[in-house]
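Start at 1 with the first residue, then count along the sequence.
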Amino acid sequence: MFKRYKKTRINQSMRDLVRDVYLSKEDLIYPVFVVEGENIYQEISTLPNQYHYSIDKLPILLKKLKKANIDKIILFGLPKEKDECGKQAYNPNGVIQEAIRFIKKEAPDIFVITDVCLCEYTSHGHCGILEDEVINNDLTLEYLNKIALSHVKAGADMVAPSDMNDGRIKSIRHALDKENYHYIPIMSYGAKYASSFYGPFREAACSAPQFGDRKYYQMDYRNTKLAIDEVLNDIDEGADIVIVKPALAYLDIVQKIRDKTNLGLAVYNVSGEYAMVKAASQQDLIDEKGTVLEMMYSFKRAGANMIITYHALDVAGWLDE
């Protein structure tokens with residue numbers, strides 16, 4: 001007697017009963033780009049339906065989040081002025097610091113995560129302090145500490161170092177603990193690959209390197225074991241959540257990390273992945289809703305607890321249907 005597996009797929013109700021992977025709004029984190037200036041609410045050309053917000057236009061964002069019932073965001077800042085050391089990144093009155101204060105005042109229930117890096121703030125576009133066009137790793141850690149502390153003092157709920165400099169998690173954890181921020185968690189970009197999928201983000205964040213590339217500090221996509229090692233090292237240094245970035249092409253890494261730890265595990269469904277789906281759906285080559293939901297469930301199936309995605313508002317609406 002052969003098994004009749006089709007019995008469990010005969011209709012939607014039956015399929016719902018036997019599913020073993022779940023997706024909810026609580027899993028979603030929405031990336032937000034805040035720009036210095038006034039009266040700016042402008043669609044990002046490389047990311048359809050995503051916007052640059054000046055602080056005075058953040059009420060538009062908060063209205064969207066409330067309607068979708070999304071309560072977690074990760075902030076990226078675009079300053080007017082950049083320099084070799086990215087001093088606006090740790091300016092107490094910088095664009096991100098002011099955005100945090102505004103959001104926490106107007107919508108205190110929003111959980112605010114902040115990107116901790118220098119690339120959006122440096123004139124050269126690299127993720128650290130340069131010496132002879134190479135990042136000085138240990139000096140950069142001092143600047144990352146200042147950035148993280150400035151975000152937390154402004155009201156950030158969690159910091160997310162994305163720079164991929166060695167020892168950053170231990171350094172930031174020590175800096176936070178020294179200032180008695182013992183309970184501020186760190187979300188580490190533990191496995192961040194040097195990827196071609198970042199193109200739209202580089203334009204959205206005005207963070208493309210002015211020379212060279214980031215392959216000597218981001219991970220080589222031909223490596224698996226090193227990714228596991230780096231993630232476990234970040235956990236040993238004090239990371240509370242780890243991220244795999246990008247998501248779609250790295251689900252094997254997600255699964256391997258999940259097999260190694262029960263810690264919170266996030267994927268970043270990056271700009272290139274989002275833009276490809278948008279472009280294909282606009283040409284009626286794919287069904288956007290079906291494709292995006294399939295992707296979201298694949299992230300959860302691989303072992304992710306949470307998903308950073310530009311699709312978050314749409315997914316929230318689809319889950320309500």
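The heavy-atom pair separating Val277 from Ile286 by the smallest distance is O-CD1, 3.8 Å. Nearest heavy atom pair, residue Cys117 against residue Leu144, reads CA-CD2, 4.2 Å.
Distance alone, capped at 3.5 Å, is enough to place a donor-acceptor pair between the Asp220 side chain and the Arg222 backbone. Gln97 places a side-chain N or O within donor-acceptor distance of the main-chain N or O of Asn91, the cut-off being under 3.5 Å. Ser171 places no side-chain N or O within 3.5 Å of a backbone atom of Gly167 that could act as its donor or acceptor partner. A donor-acceptor contact shorter than 3.5 Å links the side chain of Arg258 to the backbone of Thr261. Without hydrogens or angle criteria, Glu106 side chain to Leu62 main chain gives no donor-acceptor distance under 3.5 Å. The main-chain N or O of Val270 is found under 3.5 Å from a side-chain atom of Glu273 such that the two form a donor-acceptor pair. Proximity of a side-chain donor or acceptor of Arg173 to a complementary backbone N or O of Gly238 within less than 3.5 Å is not detected.
Within 6.0 Å of atom CG in Leu285, more than 12 heavy atoms from other residues, nucleotides or ligands are found, so the atom counts as buried in its surroundings. Applying the 6.0 Å contact sphere to CD of Glu43 captures more than 12 heavy atoms from other residues, nucleotides or ligands. In the displayed structure, Gln12 atom CD is contacted under 6.0 Å by more than 12 heavy atoms of other residues, nucleotides or ligands. Within 6.0 Å of atom CD in Gln282, more than 12 heavy atoms from other residues, nucleotides or ligands are found, so the atom counts as buried in its surroundings. Other residues, nucleotides and ligands contribute at most 12 non-hydrogen atoms within 6.0 Å of the NZ atom of Lys87. Heavy-atom contacts from other residues, nucleotides or ligands closer than 6.0 Å to NZ of Lys64 number more than 12. Surrounding OH of Tyr181 are more than 12 heavy atoms belonging to other residues, nucleotides or ligands, all under 6.0 Å away. Residue Tyr22 places its OH atom among more than 12 non-hydrogen atoms of other residues, nucleotides or ligands, all under 6.0 Å distant.
Note that OG of Ser188 is 7.5 Å distant from CE of Met164, once rounded to the nearest 0.5 Å. Here the CG atom belonging to Leu319 is positioned 6.5 Å from the CG atom belonging to Leu293, to the nearest 0.5 angstrom. In this structure, Leu118 CG and His124 NE2 are separated by 7.5 Å, a value rounded to the nearest 0.5 Å. Distance check: Leu23 CG to Arg301 CZ gives 12.0 Å after rounding to the nearest 0.5 Å. Taking CD1 of Ile110 as the start and NZ of Lys66 as the end, the distance is 10.5 Å to the nearest 0.5 Å. Atom-to-atom distance recorded for Lys278:NZ and Thr46:OG1 is 13.0 Å, nearest 0.5 angstrom.
A cation-pi geometry, defined here as NZ or CZ lying under 6.0 Å from the six-membered ring centre and within 45° of its normal, does not hold between Lys256 and Tyr250.
Listed by chain and residue number, Tyr51, Tyr53 satisfy the ring-ring contact (aromatic ring centres under 6.0 Å, His included) test with Tyr41 (two or more places apart in sequence, or in another chain). Under the side-chain hydrogen bond (donor to acceptor under 3.5 Å, both in side chains) criterion, Glu26 pairs with Ser24, not counting sequence neighbours. With sequence neighbours left out, Tyr268 forms a ring-ring contact (aromatic ring centres under 6.0 Å, His included) with no residue at all. Residues satisfying the side chain to side chain contact (heavy atoms under 4.5 Å, CB included) test with Pro79, not counting sequence neighbours, are Glu36, Lys82, Gln88, Tyr121.
Asp56 and Ser54 share a donor-acceptor pair across their side chains, judged by distance under 3.5 Å alone. A donor-acceptor contact closer than 3.5 angstrom links the side chains of Ser162 and Asp115. Side-chain polar atoms of Asp259 and Gln255 form no donor-acceptor pair below 3.5 angstrom. A donor-acceptor contact under 3.5 angstrom links the side chains of Glu84 and Ser123, judged on distance only.
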Determine, step by step, whether Ile186 and Glu237 satisfy the side chain to side chain contact (heavy atoms under 4.5 Å, CB included) criterion, reporting the C-alpha distance in whole Å, the side-chain angles of both residues, the deciding distance to 0.1 Å, and the verdict.
CA-CA 10 Å; Ile186 298 174; Glu237 289 188 6; over 6 Å; no

Just do the side-chain hydrogen bond (donor to acceptor under 3.5 Å, both in side chains) check on Gln218 and Tyr198 with the steps written out, would you?
CA-CA 12 Å; Gln218 296 179 355; Tyr198 300 153; 4.9 Å; no

Please walk me through it: do Phe33 and Phe201 pass ring pair (Phe, Tyr, Trp, His ring centres under 6.0 Å)?
CA-CA 10 Å; Phe33 298 94; Phe201 176 92; 5.6 Å; yes

CA sep, side-chain torsions, deciding dist, call: Leu141, Asp166, side chain to side chain contact (heavy atoms under 4.5 Å, CB included)
CA-CA 9 Å; Leu141 300 186; Asp166 297 329; over 6 Å; no

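Judged as a ring-ring contact (aromatic ring centres under 6.0 Å, His included), the pairs with a partner in residues 87-109 (not counting sequence neighbours) are, in order, Tyr90-Tyr143. Residue pairs meeting the side-chain hydrogen bond (donor to acceptor under 3.5 Å, both in side chains) criterion with at least one member in residues 291-300, sequence neighbours excluded, are Asp27-Lys300.
Ion pairing between a basic and an acidic side chain is recognised when a charged N comes within 4.0 Å of a carboxylate O; Asp287 and Lys289 show no such pairing. In summary, Lys57 and Glu38 do not engage in a salt bridge, as defined by a charged side-chain N under 4.0 Å from a carboxylate O. Salt bridge annotation for Asp157-Lys104: present, with a cationic side-chain nitrogen under 4.0 angstrom from a carboxylate oxygen. In summary, Asp234 and Arg168 engage in a salt bridge, as defined by a charged side-chain N under 4.0 Å from a carboxylate O. Classification of Lys25 and Asp320 as a salt-bridged pair holds, one side-chain N sitting under 4.0 Å from a carboxylate O.
Separation of the Tyr221 and Tyr193 ring centroids does not fall under the 6.0 Å cut-off.
Cluster annotation: Ile10 is not connected to Tyr5 through the hydrophobic network of ILVMFWY side chains, with a link wherever side-chain heavy atoms come within less than 4.5 Å.
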